[in-house]
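Below you'll find the structure, written out as structure tokens, and then a few comments.
Everything numeric in this text was worked out from a predicted model, so none of it was measured. Below, read A as the first sequence line, B as the second, and so on, with proteins coming before strands; counting in each chain starts at 1. Heavy-atom basis, side chains included; hydrogens, waters and symmetry copies ignored.
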Amino acid sequence: MPPVAPRPGDAIFASVERVNAELFTLTYGAIVRQLLTDLEEVEEVNKQLDQMGYNIGVRLVDEFLAKSNVSRCVDFKETAEVIAKVGFKMFLGVTASVSNWDAEGTACSIILEDNPLVDFVELPDTCQGLYYCNILSGVIRGALEMVSMKTEVTWLRDMLRGDDAFELQVKLLKQVPEEYPYKDDE
Amino acid sequence: MGREVSESCLENLLIEIVSSFCTGFYVDKPELAARRIEAIGFQVGHQLSERCAIDQPRFTDHLEAIKFICKDFWSELFKKQIDNLKTNHRGTFVLQDNRFRWLAHLSVDPSLDASSSIQDPSAMAKNKAAQATGMHLYFPCGIIRGALSNLGIPCAVSADISNLPACSFLVRIKA
């Protein structure tokens, strides 16, 4: 039997259960607001959002692999493309693009021009230093760690800070070789 | 049809709300955690009903407003209406959703009585599973309270899941 072809992101998005994006956006906003009240320090809020994203990414990768039929990516370049074209589309319904590769092919930018997390969001001056969408960087880091890639994800551009797009730099730190729990002869 | 995201985005956020407010700083303070989770729901309900009620004529009485919650508002949230509405005509309403989506993926001990536990989170501290499920109910209760509050109706909201997968929300309007 031929291998099952990977499914394009929009086909998956069309087939999954979906909810009103407003509900999602408002819920995320309410979380950020509550964390700002509770944690007081913007830096702590950034950390907490990243951690929540990481936990989500760890879970989300299973759903991603199950629904997308994506097979093993040959290299980090392909991985980044798959995240941008399939991952973002099937969960958030938007497409991201990949650019700014470094010479070694271990760092790139994922660029998002349309981001449902920030619909109707404006940051007050007191939130300088807040990475409002930090949950996204956590999700990418968490998901990639589950497929043996240690990464560092940082924001280079942020529309809430006046930039013209969201740009996440994803840097591959280490590809952890897969360890099998058993040896053949045991 | 407005903009949509995959349901698992929202589900995962709800899981993280509960888990991040029930660990770390809040681990021994379930009452505080519960209040935070309810507050997040309240905020969402308040804003969402503002947007959702924009084209509605002014409600003439409480029942009208509750019906708006059961039909239009619930449809915004779940693409379905509340299945059953009961009232004693003295300010208490029971809104039942026969298959409440946000609990569909949770494993729940059917023997627990959340209607009492949700009023008193410390009482469920003994039973971790009951507590975890109870924590997931504060968000929708907060949403309903926030939505009604935005319509000028102060109330208290609790939930009963003794009949899963059905979930009933008890709304007591403050005189």
Side-chain angles (χ1 to χ4, degrees), chain A residues 9 12-35 37-39 44-45 47-60 62-64 66-67 87-94 114-117 119-121 135-136 138-139 142-143, chain B residues 1-26 29 32-52 54 72-80 101-102 104-105 138-140 142-143 146-147 150:
Chain A
I12 308 169
F13 187 65
S15 69
V16 296
E17 288 288 343
R18 295 180 304 276
V19 296
N20 182 345
E22 222 166 274
L23 171 62
F24 170 71
T25 308
L26 291 176
T27 302
Y28 184 68
I31 294 172
V32 176
R33 193 172 160 145
Q34 187 64 47
L35 290 175
T37 314
D38 284 2
L39 301 173
E44 287 301 310
V45 176
K47 238 188 261 173
Q48 182 64 30
L49 291 173
D50 178 71
Q51 181 62 46
M52 292 170 88
Y54 177 85
N55 298 342
I56 292 175
V58 164
R59 291 193 297 268
L60 219 53
D62 280 332
E63 185 182 343
F64 173 77
K67 290 183 175 160
F88 274 92
K89 187 77 201 183
M90 77 179 261
F91 291 111
L92 292 176
V94 295
D114 184 17
N115 178 357
L117 277 183
D119 286 345
F120 10 89
V121 175
I135 199 161
L136 288 182
V139 169
Chain B
M1 183 48 91
R3 183 170 186 155
E4 293 185 314
V5 297
S6 112
E7 187 181 38
S8 68
C9 290
L10 182 69
E11 261 173 19
N12 274 292
L13 268 192
L14 300 186
I15 294 172
E16 282 308 309
I17 292 175
V18 171
S19 77
S20 64
F21 283 97
C22 294
T23 54
F25 176 66
Y26 297 103
K29 307 182 183 73
L32 281 186
R35 220 177 298 156
R36 299 292 185 279
I37 296 168
E38 207 266 352
I40 293 173
F42 182 89
Q43 174 80 29
V44 173
H46 201 269
Q47 285 180 296
L48 204 60
S49 86
E50 174 83 41
R51 304 178 71 84
C52 184
I54 220 155
D72 307 66
F73 187 70
W74 214 252
S75 301
E76 280 287 302
L77 295 177
F78 300 108
K79 299 181 181 170
K80 64 167 287 211
R101 279 203 83 90
W102 290 350
H105 296 241
Y138 284 102
F139 184 74
I143 287 191
N150 182 57

Open item on the list: Counting heavy-atom pairs under 4.5 Å with chain B, which one of A:I31, A:I12, A:V16, A:T25 comes out on top?
Closed with: A:I31
Task: Best-contacting candidate, A:T37, A:L92, A:T27, against chain B by heavy atom pairs under 4.5 angstrom - done: A:T27
- [ ] Taking the side chain as every heavy atom from C-beta outward, state whether A:E17 and B:E11 have any atom pair closer than 4.5 Å.
- [x] no
Task: Greatest number of heavy atom pairs closer than 4.5 Å to chain A - which of B:L10, B:V5, B:I143, B:V44 - done: B:V5
- [ ] Measure the spacing between SG of B:C52 and CD of A:E22 and express it to the nearest 0.5 Å.
- [x] 8.5 Å
Open item on the list: Give me the atom names and distance for the closest heavy-atom approach of B:I17 to A:M52.
Closed with: N-CE, 4.1 Å
- [ ] Report the distance from atom CD1 of A:I56 to atom OG of B:S8, rounding to the nearest 0.5 Å.
- [x] 9.5 Å
Task: B:E76 side, atom CD; A:L23 side, atom CG - distance, nearest 0.5 Å - done: 9.0 Å
- [ ] Find out whether B:F21 and A:L35 are in side-chain contact, i.e. whether some heavy atom of one side chain is under 4.5 Å from a heavy atom of the other.
- [x] yes
TODO: Working to the nearest 0.5 Å, report the span between SG of B:C9 and OH of A:Y28.
DONE: 12.0 Å
- [ ] Would you tell me whether A:N55 and B:E16 have side-chain atoms, one donor and one acceptor, within less than 3.5 Å of each other?
- [x] yes
TODO: State whether A:F120 and B:R51 meet the cation-pi test: NZ (Lys) or CZ (Arg) under 6.0 Å from the six-membered ring centroid, and within 45° of the perpendicular axis.
DONE: yes
Task: B:K79 side chain reached by A:V19 side chain, heavy atoms, under 4.5 Å - done: no
Task: Side chain / backbone / both / neither for B:L14 at chain A, heavy atoms under 4.5 Å - done: side chain
Task: Which portion of A:V94 sits near chain B, non-hydrogen atoms under 4.5 angstrom - done: side chain
Open item on the list: Under 4.5 Å from any heavy atom of chain A, what part of B:F78 do you find: side chain, backbone, both or neither?
Closed with: neither
Task: Where A:M90 and B:S6 come nearest, the two heavy atoms and their spacing - done: O-CB, 3.4 Å
Open item on the list: So B:S20 and A:Q51, do their side chains get closer than 4.5 Å, heavy atoms only?
Closed with: no
Open item on the list: Do B:R36 and A:D38 have side chains that approach each other closer than 4.5 Å (heavy atoms only, starting at C-beta)?
Closed with: yes
- [ ] Sort A:F91 into side chain, backbone, both or neither according to what part of it lies under 4.5 angstrom from a heavy atom of chain B.
- [x] both
Task: Gap between atom CZ of A:R59 and atom CG of B:N12 - 0.5 Å precision - done: 4.5 Å
Open item on the list: I'd like to check A:R33 versus B:Q43 (side-chain heavy atoms, cut-off strictly below 4.5 Å). Are they in contact?
Closed with: yes
